[in-house]
Amino acid sequence: MPLKNRITDVRTSLANRRTQRRARRQLSAELAAFQTPAERAELDLILGRHNEAETAQIRDILNQQDYERMRTRIAVGGYRG
């Protein structure tokens with residue numbers, strides 16, 4: 001493969017990765033609005049209507065946000081286990 005084609009492929013790949021990261025950050029910000037137990041329950045019901053493959057990225061983001069919230073609570077309030 002000529003060098004020019006390789007460079008074009010790398011640039012395209014990098015642009016695609018930037019676009020995917022930007023979309024994931026935006027989705028993460030939108031999902032962060034669902035904080036109360038009622039909001040999360042409603043979201044879980046909506047996600048339950050779809051298969052795992054369709055909701056994997058959303059569930060991954062929600063799990064990461066839950067982890068971060070719990071970690072923050074423990075750091076601020078101390079461990080009470």
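Remark: Gln20 CD to Leu27 CG distance equals 13.0 Å, nearest 0.5 Å. Note: Arg21 CZ to Asn16 CG = 11.0 Å, rounded to the nearest 0.5 Å.
A single hydrophobic cluster is not seen to contain both Ile61 and Ile46; linkage of ILVMFWY side chains at heavy-atom distances under 4.5 Å, directly or through other members, places them apart.
Of the possible donor and acceptor atoms, none in the side chain of Asp60 sits under 3.5 Å from a partner among the backbone N and O of Ala56. Between the side chain of Ser28 and the backbone N or O of Arg24 there is no donor-acceptor pair closer than 3.5 Å.
A heavy-atom distance below 4.5 Å is not found between the side chains of Glu54 and Leu47.
In this structure, Asp66 does not pair ionically with Arg71, as no charged nitrogen and carboxylate oxygen lie closer than 4.0 Å.
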Show me the side-chain donor-acceptor pairs of residues 30-39 shorter than 3.5 Å, one per line, residues at least two apart or across chains.
{"residue": "Glu30", "atom": "OE2", "partner": "Gln26", "partner atom": "NE2", "Å": "3.3"}
{"residue": "Gln35", "atom": "NE2", "partner": "Ala32", "partner atom": "O", "Å": "3.2"}
{"residue": "Thr36", "atom": "OG1", "partner": "Glu39", "partner atom": "N", "Å": "3.1"}
{"residue": "Thr36", "atom": "OG1", "partner": "Glu39", "partner atom": "OE1", "Å": "3.3"}
{"residue": "Glu39", "atom": "OE1", "partner": "Gln35", "partner atom": "N", "Å": "2.9"}
{"residue": "Glu39", "atom": "OE1", "partner": "Thr36", "partner atom": "N", "Å": "3.1"}

N/O donor-acceptor pairs under 3.5 Å from side chains in residues 6-13, not counting sequence neighbours:
{"residue": "Thr8", "atom": "OG1", "partner": "Lys4", "partner atom": "O", "Å": "3.0"}
{"residue": "Thr12", "atom": "OG1", "partner": "Thr8", "partner atom": "O", "Å": "2.9"}

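By the side-chain contact (heavy atoms from CB on, under 4.5 Å) test, Arg22 pairs with Arg18, Thr19, Arg25, sequence neighbours left out.
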